[in-house]
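Encoded as structure tokens, the structure appears first; notes follow it.
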Amino acid sequence: MLLVPNLRENRENILAGLAKRNKDFGQQIDEIIRLDEVRRKTQNDLDNNLAEANKLSKEIGDLFKSGKKDEAEAAKPRVAALKESAKELEQTLQQTEETQKQLLYTIPNVPNTIVPSGKTADDNVEVFIWGNKPQLAEQKKPHWELIEEYDLIDFELGTKITGAGFPVYKGAGAKLQRALINFFLDEATKAGYREFQPPLMVNEASGFGTGQLPDKEGQMYHVGVDDLYLIPTAEVPLTNLYRDVILKEEQLPVKMTGYTPCFRREAGSWGAHVRGLNRLHQFDKVEIVQLVHPDNSYKILDEMVDHVKGILQKLELHFRVIRLCGGDMGFTSALTYDFEAWSGAQERWLEVSSTSNFETFQANRLKCRFKNSEGKTQLVHTLNGSALALPRIVASLLENNQTPDGIRIPAALVPYTGFDMIKK
RNA sequence: GGAGAGGUGGGUGAGUGGCUGAAACCAACAGUUUGCUAAACUGUCGUAGGGGGUAACCCUUACCGGGGGUUCGAAUCCCCCCCUCUCCGCCA
């Protein structure tokens, strides 16, 4: 959520930045600014009103004490009248704030200056590429064939017990999942992230805190009876650990990591290109999250990007990093780098990580702040990244490392799997 | 799920309906003392909104789990909800 004083003072710059998302928010922003004037004026009137009522009430108390009952009684209606008008002002104030908030929820974060403008994924910019396409035999197989051949993952079983998009991992397939999770967590821990195991369901307030609600309501599974949401990413519970918290400056940066399953309804996004592991309703992911001082959040974003690069290199995967254009970037992000691993048999890039700086957009909703060196409270910057999401990593690993003798496991992973080859 | 007790500032914990935004203690921060540390002493020490001032800061409003109500006046009384603890039940 953008900051209202900021909208007031930097209207032009903000509009120019938002233009990169190919939408014009001029009307909404002007209305927010107008509502803010109403809000401040009303607040002022209400304050004066209440101050007067408080003063009179005190006087009435004093009059009672000194035995001047008649005078006290005579003053009561005046307070009552003040209270009456205060009630109206309070209503106006609440309505104004509510309307303003609803409008604010419709405005996405302002893209950073280096975000390319553009509408679709075609306008994203490749900023880094590593490795080479694997040389595979003519009869190479896509991962959905390999997992059947080696009996690693069973989609039909998942469909039977739950539904489409809920795979069952079996044998070496299950072991590979566990190996990857442990590998990713160890890498994150080595990089100074503290490991957490958060709840997999969150309440409404948490959904609002990180920006999944209200705009992405339909993307989360909702447990109606208890009014809880299944997390779409560990970002939600981890970042919300610091909702309504005021940190000390020296506590920054807060570095958290966590493995969780992630649940996504992916409503309406099924079709071509989503076979096998390419898109699931439940998948595993290790997330890294940081709460940082605003002065160095972009330096830290680079560090996080380097961290993810390092993991992909250890996995020996051919990958590239792209900077998302305004049209392709998430609602809450100010700058996002996507990581795409090469899928040797599908012969296309698969998104395996998204690493973003949200600046104060989430922090403002979360009310996550720190006391700066001047003793003033200030919003932190929040960042997060997948490090990494499993399914497409598994898809790439299986496809790129297929050999006539089996599927080769990258050296860095062998200590975790306990085998260096998946065989029939 | 049933019964009971309770939710006050970073913590512990007071608080007859007006003098309580809130005692006291601890923690924290700053200073004095000190060779250093400790101790002692002094001071500061919630959050948010509005108004004023270049600024230090000043004025004001709201907040004692959340929401409503009673009253001239509510942390204090009433209602609803949430949460925590204890006992019972159930249970990995």
Side-chain angles (χ1 to χ4, degrees), chain A residues 1-9 32-104 197-209 213 223-229 237 240-252 254 261 291 360 362-380:
Chain A
M1 193 160 62
L2 297 177
L3 293 147
V4 177
N6 212 359
L7 286 175
R8 238 188 305 165
E9 285 152 35
I32 289 168
I33 294 170
R34 190 190 69 80
L35 286 169
D36 197 50
E37 273 156 26
V38 174
R39 191 197 111 243
R40 280 148 65 211
K41 168 82 167 59
T42 311
Q43 177 72 254
N44 210 327
D45 292 348
L46 178 64
D47 281 4
N48 291 335
N49 192 308
L50 288 176
E52 180 68 16
N54 285 345
K55 204 180 118 215
L56 276 173
S57 291
K58 224 162 238 181
E59 284 172 12
I60 290 170
D62 291 341
L63 287 170
F64 271 121
K65 251 172 231 168
S66 51
K68 297 172 183 166
K69 273 200 176 148
D70 295 344
E71 281 181 54
E73 289 296 339
K76 279 188 184 182
R78 288 170 60 203
V79 181
L82 282 168
K83 282 274 164 176
E84 202 53 45
S85 50
K87 217 169 201 173
E88 275 173 43
L89 286 166
E90 212 155 331
Q91 255 177 19
T92 312
L93 187 65
Q94 270 179 18
Q95 279 166 11
T96 310
E97 282 175 346
E98 183 56 30
T99 314
Q100 190 187 43
K101 203 174 72 183
Q102 291 305 326
L103 268 173
L104 275 168
Q197 275 193 25
L200 305 181
M201 290 195 248
V202 294
N203 56 28
E204 196 179 36
S206 296
F208 271 95
L213 296 173
V223 182
V225 207
D226 297 296
D227 197 18
L228 294 171
Y229 294 87
N240 270 284
L241 294 176
Y242 285 87
R243 171 152 50 85
D244 292 318
V245 168
I246 299 177
L247 292 152
K248 291 176 190 158
E249 191 167 9
E250 58 269 25
Q251 287 178 272
L252 300 176
V254 174
L291 313 175
T360 59
Q362 285 184 333
N364 187 29
R365 286 197 184 185
L366 290 160
K367 295 288 170 271
C368 176
R369 293 160 293 176
F370 72 102
K371 272 223 190 314
N372 65 22
S373 49
E374 290 165 5
K376 298 243 162 84
T377 53
Q378 195 180 339
L379 293 167
V380 301

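Just so it is clear, the model here is predicted, and its values are computed rather than measured. Numbered from 1 within each chain, the chains take letters A, B, ... in sequence-line order.
A 3.5 Å limit on both hydrogen-bonding distances identifies no Watson-Crick or G-U partner for rU70(B). Judged by Watson-Crick or G-U wobble contacts below 3.5 Å, the nucleotide rU76(B) has no partner. Under the Watson-Crick or G-U wobble criterion, with both distances below 3.5 Å, rA62(B) is paired with rU47(B). The base-pairing partner of rG1(B), taking Watson-Crick or G-U wobble contacts with both distances under 3.5 Å, is rC88(B). Partner assigned to rG7(B) is rC82(B), using Watson-Crick or G-U wobble distances below 3.5 angstrom. Partner assigned to rA23(B) is none, using Watson-Crick or G-U wobble distances below 3.5 angstrom. When both distances must be under 3.5 Å, the Watson-Crick or G-U wobble mate of rA38(B) does not exist.
A gap of 31 Å separates the C1' atoms of rG9(B) and rU33(B), to the nearest Å. Nucleotides rA27(B) and rG49(B) have their C1' atoms positioned 29 Å apart, rounded to a whole Å. Straight-line distance between the P atoms of rG66(B) and rG53(B): roughly 35 Å, to the nearest whole Å. One C1' atom belongs to rC72(B), the other to rC83(B), and the distance between them is 34 Å to the nearest Å. Nucleotides rA56(B) and rC45(B) place their P atoms 16 Å apart, quoted to the nearest Å. rG13(B) and rG68(B): their C1' atoms are spaced 29 Å apart (whole Å). Spacing of P atoms, rA40(B) relative to rC25(B), comes out at 13 Å, to the nearest Å. A distance of about 35 Å separates the C1' atoms of rC80(B) and rA92(B), rounded to the whole Å.
The NZ atom of Lys371(A) sits 12.0 Å away from the CD atom of Gln251(A) when rounded to the nearest 0.5 Å. Atom CG of Asp45(A) and atom CG of Leu50(A) lie 11.0 Å apart (nearest 0.5 Å). To the nearest 0.5 Å, atom CG of residue Leu89(A) and atom NZ of residue Lys41(A) are 8.5 Å apart. Annotation: the span from Glu59(A) atom CD to Leu56(A) atom CG amounts to 5.5 Å, rounded to 0.5 Å. The OG1 atom of Thr92(A) lies 10.0 Å from the CD atom of Glu90(A); values are rounded to the nearest 0.5 Å.
Remark: Asn44(A) pairs with Asn48(A) by the side-chain contact (heavy atoms from CB on, under 4.5 Å) rule, at least two apart or across chains. In this structure, Tyr242(A) has no ring-ring contact (aromatic ring centres under 6.0 Å, His included) partners at least two apart in sequence or on a different chain. Qualifying side-chain contact (heavy atoms from CB on, under 4.5 Å) partners for Pro5(A), counting only residues two or more places apart in sequence or in other chains: Leu3(A), Arg8(A), Glu9(A).
The interatomic distance linking Glu249(A) (CD) with rC29(B) (P) rounds to 15 Å, in whole Å. For the pair Asn54(A) CG and rC19(B) P, the computed distance is 11 Å after rounding to whole Å.
If you check residues 198-206 of chain A against RNA chain B, you find no residue with a heavy atom closer than 4.0 Å.
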*Using a 4.0 Å cut-off on protein heavy atoms (strictly under), produce a 5'-to-3' string for nucleotides 45-54 of chain B with B for base contact, S for backbone-only sugar-phosphate contact, and - for none.*
--SSBSS---
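Gln100(A) places a side-chain N or O within 3.5 Å of a backbone atom of Ile32(A) that can act as its donor or acceptor partner. Using a distance-only test at 3.5 Å, with no hydrogens or angles considered, a donor-acceptor pair links the side chain of Asn240(A) to the main chain of Ser206(A). Using a distance-only test at 3.5 Å, with no hydrogens or angles considered, a donor-acceptor pair links the side chain of Arg365(A) to the main chain of Phe208(A).
Contact between Leu35(A) and Thr96(A) at its shortest, heavy atoms only, is O-CG2, 3.3 Å.
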Could you list the protein-to-nucleotides 64-73 of chain B atom pairs, N/O on both sides, closer than 3.5 Å?
from: rC72(B); atom 1: O2'; to: Ser57(A); atom 2: OG; distance (Å): 3.0

